[in-house]
Amino acid sequence: MVDVFAGRLLVGRDGRSVDAEEALQNKVVGLYFSAGWCAPCRDFTPVLCDFYTELLEESQPPAPFEVVFVSSDHSAEEMAGYMRAMHGDWLALPFHDPYRHDLKKKYNITAIPKLVIVKQTGEVITDKGRKQIRDKGLSCFRNWLEGADIFQNFSS
């Protein structure tokens, strides 16, 4: 994710800041465009939480996967509340970072929720992450991994 998040900080659910390049290095990344006010988002977020938990906390070694939440909430407070209430232990672009608008344009986000799975370069593996998780569960990750050109011993 060197190209996409170079020099940027991301925040965790607990508010801590992390260096994006370090946190996303050698990982398949799901850009999660979502908002707390959006009913379909609130419907899908728990599904994404389960998927994320199974890949990172219940797999040995943990899967090379990270989610970056790109908020469409109306305020930083709404975003923080949504993250605390419903999100997994993934990362987010800070609410006040104007880059979130650039990402929405870059990945042609016209409706939410949208989960765009990208390579390290920012190139899209699939823009149908939400549908694939719902339809295939964990098995879709292996396809993403193959498409990401990340070579790691991972079995789901």
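Just so you know, residue 1 is the first one in the sequence shown, and it goes up from there. Atom set for the values below is all heavy atoms of this structure, side chains included, hydrogens, waters and symmetry mates excluded.
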Which pair of heavy atoms, one from G30 and one from F65, lies closest together, and at what distance?
N-CE1, 4.0 Å
Distance-minimising heavy-atom pair for V4 and G122
CG2-CA, 3.3 Å
If we ignore angles and hydrogens, is there a donor and acceptor under 3.5 Å between the side chains of S34 and Y82?
yes
For A76, give me all partners under side chain to side chain contact (heavy atoms under 4.5 Å, CB included), at least two apart in sequence or on another chain.
F95, H96
Shortest non-hydrogen separation from S72 to I112 and the atoms involved:
CB-CD1, 3.9 Å
Looking at every non-hydrogen atom in both residues, tell me the closest pair between G137 and C140 and how far apart they are.
O-SG, 3.1 Å
Hphob cluster co-occupancy, W90 + L56, side-chain heavy atoms under 4.5 angstrom:
yes
Measure the CG-OG distance between L91 and S17 for me, rounded to the nearest 0.5 Å.
10.0 Å
Here the gap from I117 atom CD1 to L31 atom CG, rounded to the nearest 0.5 Å, amounts to 8.0 Å
Any side-chain heavy atom of V70 within less than 4.5 Å of one from Y107?
no
I want to check something: taking the side chain as every heavy atom from C-beta on, are L115 and I133 in contact at a cut-off of under 4.5 Å?
yes
Would you check if P62 and E57 make a side-chain contact, meaning some heavy-atom pair closer than 4.5 Å?
no
Would you confirm whether Q120, through its side chain, and V29, through its main-chain N or O, come within 3.5 Å as a donor-acceptor pair?
no
Only counting residues at least two apart or in another chain, list the ones meeting side chain to side chain donor-acceptor pair (under 3.5 Å) with R8.
D97
Before you tell me yes or no, could you show the steps for F51 and L138 under side-chain contact (heavy atoms from CB on, under 4.5 Å), namely the whole-Å CA-CA distance, both residues' side-chain angles and the distance that decides it to 0.1 Å?
CA-CA 7 Å; F51 180 84; L138 285 179; 3.8 Å; yes
Nearest atoms (heavy-atom pairs only) where I125 meets W144
CD1-O, 3.4 Å
Single-linkage hydrophobic cluster, 4.5 Å side-chain cutoff, V124 and L103 together
yes
If you measure from CG on N108 to CG on D127, what distance do you get to the nearest 0.5 Å?
8.5 Å
Output all residues satisfying salt bridge (Lys or Arg N to Asp or Glu O under 4.0 Å) with E123, sequence neighbours left out; order by chain, then residue number.
K119
Identify, with sequence neighbours excluded, every residue that meets salt bridge (Lys or Arg N to Asp or Glu O under 4.0 Å) alongside R134.
D43
Side chain to side chain contact (heavy atoms under 4.5 Å, CB included) against D19, all qualifying residues, sequence neighbours excluded
E21, E22
So do the side chains of T45 and F69 get within less than 4.5 Å of each other, counting heavy atoms only?
no
Contacts of E66 meeting side chain to side chain donor-acceptor pair (under 3.5 Å) (sequence neighbours excluded), chain-then-number -> Y52
Hey, does the side chain of R100 reach the backbone of P94 with a donor-acceptor pair shorter than 3.5 angstrom?
no
Just jot down the salt bridge (Lys or Arg N to Asp or Glu O under 4.0 Å) partners of R84, sequence neighbours excluded, or say none.
none
Which residues share a salt bridge (Lys or Arg N to Asp or Glu O under 4.0 Å) with K131, sequence neighbours left out:
D135
Those residues at least two apart in sequence (or on a different chain) that pass side chain to side chain donor-acceptor pair (under 3.5 Å) with D14 are R16
Could you pull out the closest heavy-atom pair between P113 and P40, with the gap in Å?
CD-CB, 3.6 Å
May I ask you to test the L24-L10 pair for a side-chain heavy-atom distance under 4.5 Å?
yes
To the nearest 0.5 Å, tell me how far T126 OG1 sits from N143 CG.
10.0 Å
Just wondering, do N26 and P64 contact through their side chains at under 4.5 Å, heavy atoms?
no
Approximate separation, where rounding is to 0.5 Å, of S71 OG and M83 CE:
9.0 Å
Under the ring-ring contact (aromatic ring centres under 6.0 Å, His included) test, residues paired with H74 that sit two or more places apart
W37
Taking only residues two or more places apart in sequence or in another chain, which ones pass side chain to side chain donor-acceptor pair (under 3.5 Å) with K114?
none
Can you pull out every ring pair (Phe, Tyr, Trp, His ring centres under 6.0 Å) where at least one residue sits in residues 15-34? Sequence neighbours excluded, please.
Y32-F44
To the nearest 0.5 angstrom, please state how far the OH atom of Y99 sits from the NZ atom of K104.
13.5 Å
